[in-house]
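Each remark here refers to the structure printed beneath this line.
Just so we're clear, the structure is a prediction, and the values are computed from it rather than from any experiment.
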Amino acid sequence: MTRYLISFDDGAMDISAEDLPEVAAAATEVVRQARDAGAWVFGGGLESQRASLVSVDGAVADGPYPETKAVLGGFAVLELPSREEALVWAGRLAAACRCTQEVREFLPEPGA
């Protein structure tokens, strides 16, 4: 089985306060389905623009870089038998969250 990162950019989920409860319920239902299917590993939303950059010498700076156009807003990690299944789950998340999802495959763990 392979792990897939399904994510969306910060700001992509432009939901009104009125629609937020419905979107939250839909997203929670997709997560429940992924858990029930044994595919869910981990996921969540990220605090907007609260990044710190730690360089190789240990120096810490507030981030992201000013030239960064896209910042990760939230993600799910699912363990699935194929990319095709990851794309199906991404479609479910996109519909629930009302925003486009990006799908990326994790490399195998070192020594695995």
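- Residues Ile6 and Trp40 fall within the same hydrophobic cluster, defined by Ile, Leu, Val, Met, Phe, Trp and Tyr side chains chained together at heavy-atom separations under 4.5 Å.
- Residues Phe106 and Val41 share a single hydrophobic cluster, defined by chaining ILVMFWY side chains whose heavy atoms lie under 4.5 Å apart.
- Surrounding CG of Asp14 are at most 12 heavy atoms belonging to other residues, nucleotides or ligands under 6.0 Å away.
- We find that Arg92 and Glu29 are not joined by a salt bridge, their nearest charged nitrogen and carboxylate oxygen being 4.0 Å or further apart.
- Leu78 and Val88 fall into different hydrophobic clusters, where Ile, Leu, Val, Met, Phe, Trp and Tyr residues are linked whenever their side-chain heavy atoms come under 4.5 Å apart, directly or through other members.
- The CG atom of Leu5 sits 10.0 Å away from the CD atom of Gln101 when rounded to the nearest 0.5 Å.
- In terms of the side-chain contact (heavy atoms from CB on, under 4.5 Å) criterion, residue partners of Val60 (sequence neighbours excluded) are, by chain and number, Ser52, Val54.
- Side-chain contact between Phe8 and Leu93 is absent, with no heavy atoms from C-beta onward closer than 4.5 Å.
- A search for side-chain contact (heavy atoms from CB on, under 4.5 Å) contacts involving Thr2 returns Tyr4, Glu105, not counting sequence neighbours.
- Pairing each heavy atom of Leu53 with each of Asp62, the nearest pair is CD1-O, 4.2 Å.
- To the nearest 0.5 Å, atom CG of residue Asp9 and atom SG of residue Cys99 are 8.5 Å apart.
- Once rounded to the nearest 0.5 Å, the distance linking CD of Glu18 with CG of Leu20 reads 11.0 Å.
- Partners of Arg104 by salt bridge (Lys or Arg N to Asp or Glu O under 4.0 Å), not counting sequence neighbours, listed by chain and number: Glu102.
- Among all heavy-atom pairs drawn from Ala96 and Val23, the shortest one is O-CG1, 3.4 Å.
- With hydrophobic clusters built from ILVMFWY side chains whose heavy atoms lie under 4.5 angstrom apart, Trp89 does not share a cluster with Met1.
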Start with the C-alpha gap between Arg98 and Asp19, add the side-chain angles, then the distance that decides, and say whether side-chain contact (heavy atoms from CB on, under 4.5 Å) holds. CA-CA 10 Å; Arg98 301 181 188 173; Asp19 290 340; 3.4 Å; yes
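- Two different hydrophobic clusters hold Val77 and Val31 under the rule that ILVMFWY side chains link at heavy-atom gaps under 4.5 Å.
- Taken to the nearest 0.5 Å, the CG atom of Leu72 stands 8.5 Å off from the CG atom of Asp10.
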